[in-house]
Every structure is written in C-alpha cells, then in structure tokens.
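A note on names: the letters A, B, ... follow the listed sequences, proteins ahead of strands, and every chain is numbered from 1. Side chains included, hydrogens not; waters and symmetry mates left out as well; all remaining heavy atoms used.
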Amino acid sequence: MDGSDQVAVRQAKLDVLRESGKDPFQANWEQTHASKQAVGMLGEEEELGPEVSVAGRIVAFRLMGKAAFLKLLDREGKIQAYVRRDEIGDDDYATFKKLDLGDFIGVRGPLFRTKTGEVTIRAKEYRLVTKALRPLPEKWHGLSDNDQIYRQRYLDLVVNDESRQRFQTRSRIIREIREFMWSRDFIEVETPMLQSVSGGAAARPFRTHFNALDCDFNMRIALELHLKRMLVGGFDRVFEVGRVFRNEGLSRRHNPEFTMLEAYQAYSDYRGMMELTRSLIQQVSQRALGALQMERPDGEVIDLSGEWREAKYKDLIIDAVGQDDWFELPKSEKLQKTKKLGIEVDPELEDFEVTNDVFEKIIEHTLIQPTFVTHIPKELCPLAKITQSDPSTIDVFELCINGQEIAPAYSEQNDPGLQREAFLKQVGEETHELDDDFLLALEHGMPPAGGMGMGIDRLVIFLTKAANIRDTILFPTLRPL
RNA sequence: GGGUCGGUAGCUCAAUCGGUAGAGCAGUGGCCUUUUAAGCCAUUGGUUCCGGGUUCGAGUCCCGGCCGGCCUACCA
C-alpha cells in the first residue's frame with residue numbers, strides 16, 4: 001500500500017477493523033448534545049464543564065504524537081475534541097490514529113477550554129460509527145468545481161460553509177412563510193401535480209403517461225386553478241407551497257422545477273394582496289435574516305422596510321420610451337421605436353406583446369427596490385378582473401424586487417362567463433389552456449377573492465444574495481451523465 | 001436553442017513560443033501531549049474529459065464529441 005489510491009487505503013483500514021471484530025458502520029451512537037448546544041454548556045468563566053456526548057463527521061484532524069485535536073461537523077456546526085493517549089488507552093489510541101477525514105465518530109467526555117479559549121471536549125471515549133471510503137475535497141479552498149457542487153451537493157454541503165448556511169436559511173424562509181400564513185388564518189392544502197389540463201399560467205408542461213388509466217397527464221405549471229376550486233368549496237383562505245414544472249429553458253434564473261407559494265383569500269382583492277405580500281416578505285426577512293435591508297453584489301442596498309412604491313404599468317412604459325402617445329401608436333411605429341431603444345423584438349408579436357417586451361427588457365431589471373407594478377394590460381392575464389375605471393387593464397400587481405418579478409397578484413375573476421370569454425379571446429405566443437372543469441366550478445360560485453403567487457426560489461435568491469437559482473436549489477436539474 | 005469561455009493528481013491550481021507534466025492540501029512512513037489552514041523530515045500518486053488529425057515531438061495547434069460556467073432566447 002503506497003497511499004496513492006486513497007479509496008484503497010481507506011478500504012484496507014476498514015478491512016483491518018473488521019478483522020479485529022470492530023464494526024466500522026455502527027448501528028448508533030447516543031448523542032446528548034449537538035455541537036452548538038454543547039459549546040453553550042460551558043459558562044464564560046468556567047474552565048471545566050459537564051460531560052457531553054456528541055457525534056459528527058471529522059473535518060479537521062491534527063495529530064501531535066500522543067494527543068490530537070479534531071473538529072466534528074454536525075447539523076449545528078463544528079465542535080473541537082481533544083484526544084489523549086493516556087486518557088483513552090493505548091489500544092484505542094492506536095486505532096484512533098488510523099481515522100480519516102470524513103469519518104463519522106462519536107465522542108464522550110467533559111468540556112474544557114483550551115489555551116486559546118476554544119470550548120473543547122476532552123475525550124474519555126470515542127467510537128468510529130461510520131467509515132468514509134472516499135476523501136473529502138480540500139479543506140481550505142473547499143469545492144469550487146460547479147459541476148461537482150451540483151452533482152455531488154453533499155460534498156458542497158460538507159466543505160462549503162456558506163452553502164450549508166444558505167440552505168439552512170432557505171428552510172427557515174419557507175418555515176417563516178408558513179408561520180405567517182397560519183397567523184393570517186390561512187390553511188395549507190395540497191393539490192394535484194398530475195393534471196390532465198395544465199392551467200393557471202402560460203407555459204409548456206412536462207408530459208407523462210399514466211398506465212392504469214392509459215391516458216396522458218401533465219405535470220402542473222401552477223397551483224392556481226385547484227386552489228380556486230377550494231374557494232368554491234368554502235375554504236376561503238388557502239395556500240400551498242409546492243413544486244411546479246415548466247418545460248422551458250435553464251438559466252441563472254430558471255430551473256424547470258421550482259417552488260411557488262400561492263395564496264387565495266376570499267373577500268379580498270389585489271389591494272388586500274398587496275398588504276399581505278408586503279407584510280409577508282417583511283416578516284419573513286426580519287425573522288429569517290434579522291434584517292430588512294440586504295446589499296447586492298453591486299453595492300446597492302435593497303430596502304424592504306416601510307411602504308413600497310406603486311407604479312402604473314403604462315406610466316413606466318411611457319417613461320421608458322419617452323413618448324406620451326406610445327399606446328396610441330400603431331405596432332409598426334412601436335417596433336421602430338424599440339429598435340432605437342436597442343432591444344430586439346420579434347415583429348410577429350401582437351401589439352401588447354411588443355409593449356410587454358419593453359417592460360421585460362428595459363424596465364424590469366431596473367426595479368431593484370420593491371415596486372408594485374399595477375394596471376397591467378388585460379391581454380397579459382385572463383384570470384383577473386377588469387379594472388372598472390379603465391377596461392383596458394386588470395386589477396393586478398406584479399411585485400418586482402432585485403430586478404426580477406417576484407410575485408404577481410390579482411383580484412380574481414369569478415364571473416364564469418367573462419372567464420370563459422377571456423380564455424377564448426387569448427392571442428399571442430403564450431396562452432393559458434382552457435380548463436372546462438374549472439369553469440364548471442366557477443359556475444357554482446366562487447366568492448370574490450384576491451390571489452397571489454410568489455416564486456420562492458427568487459425570493460431566496462435575493463434574501464441570501466445568491467448569484468444563481470441553482471445555488472438556492474439543493475439538487476438543480478442537470479443533464480444526466 | 002445560439003454565442004462564448006473552460007475541463008491537468010482525491011481537492012485547489014501551475015506548466016513561457018509546441019520541447020522531460022509540477023506545487024499546496026489530502027494520502028503513505030516517521031517525530032511531536034493545548035492545536036487552529038498546526039509544525040518538521042521523507043515519500044506515493046497522471047488515460048492532461050473522450051476520439052481523430054497536424055508534427056521529429058501535442059496538456060498546448062486543428063476537427064468532432066461529452067460535460068460545465070457565463071451571456072442570450074423562452075419564462076417566474
């Protein structure tokens with residue numbers, strides 16, 4: 001054994017342990033504390049603390065002859081252990097020296113403080129509970145190869161601290177979202193992911209086949225239409241946090257499966273949703289991150305506090321194109337103008353789509369501070385109520401933060417006749433599928449309601465200052481090898 | 001999908017004009033009973049992503065493929 005093949009070296013160590021009657025994959029180890037709890041057991045002034053029993057993966061190993069320091073990583077973080085030959089005995093110390101970085105061990109002993117002040121367990125006993133047969137990535141630089149970070153996320157989580165913290169924060173954010181919704185008297189429901197009609201949004205679905213019924217299903221692209229059926233059924237405050245699937249491109253901001261929050265509240269409307277959405281994000285940010293301001297990589301600080309800006313879609317467009325009569329111009333002149341503005345627009349698009357390209361390509365990425373964009377053209381969404389004072393727009397907002405659309409919300413259309421008409425009149429590249437079963441439900445009566453959908457991944461992107469949606473999704477979609 | 005940049009030891013990275021593939025960490029063998037990326041001595045380890053081509057000679061140049069990053073397109 002020359003040490004060149006690290007897997008073989010570890011396998012040989014494992015074989016030696018087995019031959020001596022030791023099981024390198026123990027059934028269990030009794031933990032009394034996790035790492036942070038244990039560290040907290042030793043008071044500021046105390047030199048010696050109570051005995052604790054912890055367990056974790058060895059992520060640092062400093063052997064100094066007849067004693068050693070090592071660091072164990074568990075769910076809370078790291079704790080140091082100090083192991084002396086004269087305290088655990090010659091035999092145990094001999095096998096202890098053969099441990100590898102990456103192995104899981106349990107350690108029991110009293111807490112003490114080292115010369116440099118670090119709270120440490122002075123081991124009376126240790127036991128290997130799981131042998132790791134492969135080495136960890138390098139301890140100082142961690143793992144930086146993107147491919148490996150995504151394909152072997154567990155390694156990223158073991159060695160990259162900021163990654164581990166980001167996913168803990170994501171979990172905390174989702175927990176705080178639920179806490180907020182519950183505090184507003186919403187109940188959480190689960191609706192089908194396999195659907196025969198993919199409604200509620202304009203997107204290409206993933207298709208699959210159900211053998212038992214010998215029929216095709218789609219993976220859901222939105223939660224909307226089933227949650228509205230819940231309103232019809234009398235559950236008048238419902239929400240769902242769930243995965244949706246869209247058969248579209250991959251990018252820094254898009255993963256084919258992503259997580260949405262959708263909430264529907266009867267006897268509310270898009271104004272009510274505005275308050276709900278702002279309060280939700282403020283409370284989640286405050287509780288999950290302890291702050292309402294977050295600095296972007298470019299230095300700009302996103303300020304979530306107080307009331308948020310409202311801006312009418314038309315005003316933003318007119319401001320961006322510098323032309324008051326934009327909406328009166330024929331499509332051909334709009335197209336010429338977009339060319340001057342330096343954006344590429346497909347001339348085959350409908351008139352309202354040309355305008356929306358202006359919004360998406362020129363305006364959206366400039367909306368860094370939270371902004372509710374209101375009075376959106378009715379062609380852009382068939383599921384909302386028409387604005388009474390302006391029949392060309394709908395009662396909706398699109399919340400933009402960090403230059404991205406985070407959450408749209410509507411005063412939900414509940415007139416089955418107008419709803420059917422809106423589905424049928426859709427034009428343009430992207431349209432919603434007509435769901436007759438949903439229209440049947442509407443005919444039974446859906447109370448007036450506000451509804452809101454939020455892209456959780458995008459919320460997590462700016463709350464955790466992530467560069468890429470893949471950094472917020474544990475196992476992002478990748479090309480199979 | 002298009003453009004562009006990249007893939008070298010388990011990990012992080014070098015390798016000048018095309019001229020013997022190296023370092024740190026990890027590993028292996030020693031020394032070391034309060035270390036903090038511990039230290040000291042010695043040392044193993046390579047299908048340079050894969051397949052072709054050019055050349056006396058290819059990690060390096062050319063062609064094709066695989067995988068990925070970034071930009072872009074569709075979208076949230």
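When heavy atoms are screened at a 4.0 angstrom cut-off, Phe112(A) is found touching base atoms of the nucleic acid. Using a 4.0 Å heavy-atom cutoff across all strands shown, Gly455(A) reaches no nucleic acid atom at all. Within 4.0 Å (heavy atoms only), Leu250(A) reaches at least one base atom of the nucleic acid. If you check every strand for non-hydrogen atoms under 4.0 Å, Lys78(A) touches nothing. Using a 4.0 Å heavy-atom criterion, one finds that Arg122(A) contacts the bases of the nucleic acid, with or without backbone contacts as well. Counting any heavy atom pair closer than 4.0 Å across all strands shown, Asn255(A) reaches a base atom.
At most 12 non-hydrogen atoms from other residues, nucleotides or ligands lie less than 6.0 angstrom from CZ of Arg134(A). Residue-environment remark: NZ (Lys465(A)) stays at or below the threshold of 12 foreign heavy atoms within 6.0 Å. A 6.0 Å sphere centred on NZ of Lys331(A) holds more than 12 heavy atoms belonging to other residues, nucleotides or ligands.
Comparing the P positions of U48(B) and C31(B) gives a spacing of 38 Å, expressed to the nearest Å. Spacing of P atoms, A38(B) relative to C25(B), comes out at 10 Å, to the nearest Å. U60(B) and C49(B) are spaced 16 Å apart, taking the C1' atom of each and rounding to whole Å. A gap of 14 Å separates the C1' atoms of G7(B) and U12(B), to the nearest Å. Using atom P as the reference point in both G10(B) and G3(B), the two lie 33 Å apart (nearest Å). The same atom, C1', is picked in G22(B) and in G46(B); the two are 11 Å apart, to the nearest Å. Annotation: U54(B) and A58(B) have their C1' atoms spaced 10 Å apart (nearest Å). Here, A23(B) and U43(B) have their C1' atoms 15 Å apart, quoted to the whole Å.
Rounded to whole Å, the distance from CG on Asp100(A) to P on G27(B) is 7 Å. In this entry the distance linking CD1 of Ile149(A) with C1' of G7(B) reads 15 Å, nearest Å. At whole-Å resolution of the value, CZ in Arg252(A) and C1' in U4(B) are 16 Å apart. A straight line from CG of Asp357(A) to C1' of C74(B) spans 11 Å, rounded to a whole angstrom. The nearest whole Å value for the distance from the CE atom in Met64(A) to the P atom in G30(B) is 18 Å. Rounded to an integer number of Å, the gap from Arg62(A) CZ to A37(B) P is 7 Å. Taking atom CG of residue Leu155(A) and atom P of nucleotide C25(B), one finds them 21 Å apart after rounding to whole Å. Straight-line distance from the CG atom of Leu73(A) to the C1' atom of A37(B): 16 Å, rounded to whole Å.
Nearest heavy atom pair, residue Gln426(A) against residue His432(A), reads OE1-N, 2.7 Å.
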Pick out the pairs of N or O atoms, protein on one side and nucleotides 9-14 of chain B on the other, that lie under 3.5 Å.
| unit_1 | atom_1 | unit_2 | atom_2 | d |
| --- | --- | --- | --- | --- |
| C11(B) | OP1 | Gln148(A) | OE1 | 3.4 |
| C11(B) | O2' | Glu138(A) | N | 3.0 |
| C11(B) | O2' | Gly142(A) | O | 3.1 |
| U12(B) | OP1 | Ser144(A) | N | 3.0 |
| U12(B) | OP1 | Ser144(A) | OG | 3.4 |
| U12(B) | OP1 | Asp145(A) | N | 2.9 |
| U12(B) | O3' | Ser144(A) | OG | 3.2 |

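The side chain of Asn468(A) places an N or O atom within less than 4.0 Å of a non-bridging phosphate oxygen (OP1 or OP2) of C70(B). Within the 4.0 Å cut-off from OP1 or OP2 of G27(B), not a single side-chain nitrogen or oxygen of Arg10(A) is found. Contact annotation: Arg84(A) does not reach the phosphate of U33(B) (side-chain N/O to OP1 or OP2, under 4.0 Å). Note on Arg204(A): every side-chain N or O is 4.0 Å or more away from OP1 and OP2 of C74(B). Between Lys71(A) and the phosphate of A37(B), there is no side-chain N or O to OP1/OP2 separation shorter than 4.0 Å.
The pair Asp269(A)-Arg271(A) fails the salt-bridge criterion, with no side-chain N (NZ, NE, NH1 or NH2) lying under 4.0 Å from an Asp/Glu carboxylate O.
Nearest to the side-chain atoms of Leu101(A) among the listed nucleotides G69(B), A26(B), C32(B) stands A26(B). Distances from the side chain of Asp86(A) to the nucleotides G69(B), C67(B), U33(B) place U33(B) closest. The side chain of Arg470(A) lies closest to G69(B), out of G69(B), U33(B), A73(B). Taking every side-chain heavy atom of Glu118(A) into account, U35(B) is the closest of U28(B), G1(B), U35(B). Of the candidates G29(B), G68(B), C32(B), G68(B) carries the atom nearest the Arg151(A) side chain, counting heavy atoms from C-beta on. Side-chain proximity of Phe69(A) to C74(B), U35(B), A37(B): nearest is U35(B).
Partner of Tyr313(A) under the side chain to side chain contact (heavy atoms under 4.5 Å, CB included) criterion, out of Leu380(A), Thr374(A), Val396(A): Leu380(A) alone.
Comparing Leu99(A) and Ala67(A) by the nucleotide of RNA chain B whose heavy atom lies nearest to each, the residue mapping closer to the 5' end is Leu99(A). Comparing Gly117(A) and Gly65(A) by the nucleotide of RNA chain B whose heavy atom lies nearest to each, the residue mapping closer to the 5' end is Gly65(A).
Remark: the Arg85(A) side chain and the U33(B) base include no donor-acceptor N/O pair separated by less than 3.5 Å.
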Check the pair Phe69(A) / Tyr82(A) against ring pair (Phe, Tyr, Trp, His ring centres under 6.0 Å), numbers first and verdict last.
CA-CA 5 Å; Phe69(A) 284 94; Tyr82(A) 179 49; 4.5 Å; yes
Under 3.5 Å, sequence neighbours excluded: what are the donor-acceptor pairs made by side chains of residues 56-67 of chain A?
| unit_1 | atom_1 | unit_2 | atom_2 | d |
| --- | --- | --- | --- | --- |
| Arg57(A) | NH1 | Gly102(A) | O | 2.9 |

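The aromatic rings of Phe397(A) and Phe372(A) sit perpendicular, their planes meeting at an angle over 60°, well past the 30° parallel limit.
Taking the ring centroids of Phe239(A) and Tyr264(A), they lie at or beyond the 6.0 Å cut-off.
In this structure, C17(B) is classed as syn because its glycosidic torsion stays within 90° of zero.
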